[in-house]
Amino acid sequence: EVPSSERFRRVLVRLGITQGLEEKAARLSVTHMRHLAQATELPPEHLALLRSLADRYRLGLVSNFDHGPTARAMIARHGLSELFASIVISDGFGRRKPHPAIFAEALSQLGVNAADAVFVGDSLADDVGGAHAAGMDAVWLNADGVPLPEGFAAPRYTIRRLVELPQVLGPG
């Protein structure tokens with residue numbers, strides 16, 4: 001994972017801006033992250049679903065996000081922090097999905113084996129591919145109904161909307 005401030009630092013260097021480089025990169029990153037965080041929304045039905053699932057399962061969150069403090073602030077702002085027994089953000093962990101290590105870390109924090117877990121995500125490569133590489137089943141959130149690319153290992157389940165998840169998980 002390359003942190004947000006490092007990405008901005010690299011851009012500034014390419015633009016030939018080196019005076020006050022670190023401070024400028026940090027300010028750009030914080031400003032960018034503030035705007036990004038303000039743009040996030042959590043549909044009420046997703047919050048209700050996560051609360052219901054948290055009553056039945058130990059939930060973990062694995063996120064590719066290049067500024068951990070912003071990711072955690074967004075999670076907290078939406079009232080999700082207490083619902084997840086594990087939160088692994090690539091910026092703090094140092095690896096991004098689909099690397100199996102980030103999934104293994106979440107599984108370790110949850111105290112479960114990969115065979116006893118299922119990963120839900122909307123990216124075939126990062127989420128489904130990464131979960132498979134870590135030995136987990138996967139649910140692909142395919143909101144647009146795009147066909148599975150040829151040669152790609154199919155997820156165990158495919159859903160169009162997150163609220164369909166309880167149907168594939170079955171009774172808890």
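- Heavy-atom neighbours of Arg77 CZ from other residues, nucleotides or ligands within 6.0 Å: above the threshold of 12.
- Contact check for Asp122 versus Asn142: no side-chain heavy atoms found under the 4.5 Å cut-off.
- One N or O on the side chain of Arg160 and one on the backbone of Ala143 form a donor-acceptor pair closer than 3.5 Å.
- The closest side-chain heavy-atom distance from Leu107 to Met136 is below 4.5 Å.
- Note: the hydrophobic cluster containing Phe119 does not contain Leu162 (ILVMFWY, side chain heavy atoms under 4.5 Å, direct or indirect links).
- Under 4.0 Å is where a charged nitrogen must lie from a carboxylate oxygen, and between Asp127 and Lys97 at least one such pair does.
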Any chance you could lay out the side-chain contact (heavy atoms from CB on, under 4.5 Å) test for Leu165 and Val139, step after step, and finish with the verdict? CA-CA 8 Å; Leu165 186 59; Val139 176; 4.1 Å; yes
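- A distance-only check finds no donor-acceptor pair linking the side chain of Arg14 to the backbone of Arg9 [under 3.5 Å].
- To the nearest 0.5 angstrom, Leu47 atom CG is 11.0 Å from Ser52 atom OG.
- No more than 12 heavy atoms of other residues, nucleotides or ligands lie within 6.0 Å of CD in Glu41, so this atom counts as exposed by the packing criterion.
- Taking all atoms of both residues into account, the shortest heavy-atom contact from Ala125 to Pro98 is O-CB, 3.4 Å.
- With a 4.5 Å cut-off on side-chain heavy atoms, Ile159 and Val168 count as touching.
- The main-chain N or O of Arg27 is found under 3.5 Å from a side-chain atom of Thr31 such that the two form a donor-acceptor pair.
- Residues Phe84 and Met74 share a hydrophobic cluster, clusters being chains of Ile/Leu/Val/Met/Phe/Trp/Tyr side chains in contact below 4.5 Å.
- When side chains are defined from C-beta on, Arg72 counts as touching Ile89, because their heavy atoms get closer than 4.5 Å.
- Taking CZ from Phe65 and CZ from Arg96, the interatomic distance works out to 10.0 Å, rounded to the nearest 0.5 Å.
- With His67 contributing its side chain and Thr70 its backbone, the two residues share a donor-acceptor pair below 3.5 Å.
- In terms of modelled atom types and a separation under 3.5 Å, the side chain of His99 and the main chain of Ala101 share a donor-acceptor contact.
- Minimum heavy-atom separation, His132 to Ala138: NE2-CB, 4.2 Å.
- Val163 and Leu50 fall into different hydrophobic clusters, where Ile, Leu, Val, Met, Phe, Trp and Tyr are joined by side-chain heavy atoms under 4.5 Å apart, directly or via other members.
- Sparse packing is recorded around CZ of Arg95, with 12 or fewer heavy atoms of other residues, nucleotides or ligands lying under 6.0 Å away.
- Under the 3.5 Å distance criterion, the side-chain polar atoms of Arg58 are matched with a main-chain donor or acceptor of Leu110.
- What you find for Leu12 and Ala25 is that their closest heavy atoms are CD1-N, 3.7 Å.
- The cluster map of Ile, Leu, Val, Met, Phe, Trp and Tyr, joined by side-chain heavy atoms under 4.5 Å apart, puts Val11 and Leu36 in different clusters.
- Atom CZ of Phe103 sits about 11.0 Å away from atom CZ of Phe93, to the nearest 0.5 Å.
- A heavy-atom distance below 4.5 Å is found between the side chains of Glu1 and Asp66.
- Side-chain contact between Asp91 and Asn64 is absent, with no heavy-atom pair separated by less than 4.5 Å.
- When the shell of 6.0 Å around CD of Glu82 is examined, it contains more than 12 heavy atoms from other residues, nucleotides or ligands.
- A pairwise comparison of heavy atoms in Trp140 and Pro155 identifies CB-CG, 3.6 Å as the closest pair.
- In this structure, Leu59 and Leu53 have side chains that are in contact, with non-hydrogen atoms separated by less than 4.5 Å.
- The shortest side-chain heavy-atom distance between Thr158 and Leu141 does not fall under the 4.5 Å cut-off.
- Of all heavy-atom pairs between Tyr57 and Leu169, the closest is OH-CB, 3.8 Å.
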Show your working on side-chain contact (heavy atoms from CB on, under 4.5 Å) between Met33 and Ser4 and close with a plain yes or no. CA-CA 9 Å; Met33 289 299 146; Ser4 173; 3.4 Å; yes
Which is it for Val13 and Ile17 under the side-chain contact (heavy atoms from CB on, under 4.5 Å) test, yes or no, and what are the steps along the way? CA-CA 5 Å; Val13 167; Ile17 301 170; over 6 Å; no
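- Scanning both residues, Val112 and Ala117, for their nearest heavy atoms gives CG2-CB, 4.4 Å.
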Take Ile102 and Ser90 through the test side-chain contact (heavy atoms from CB on, under 4.5 Å) and record every step on the way to the result. CA-CA 7 Å; Ile102 196 166; Ser90 60; 4.0 Å; yes
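- Residue Leu83 holds its CG atom at 10.5 Å from CG of Leu61, rounded to the nearest 0.5 Å.
- Residues in residues 12-42 take part in these ring-ring contact (aromatic ring centres under 6.0 Å, His included) pairs, two or more places apart or across chains: Phe8-His32.
- Here the CZ atom belonging to Arg156 is positioned 4.0 Å from the CG atom belonging to Asp137, to the nearest 0.5 angstrom.
- Atom NE2 of residue His46 and atom CG of residue Leu80 lie 11.5 Å apart, to the nearest 0.5 angstrom.
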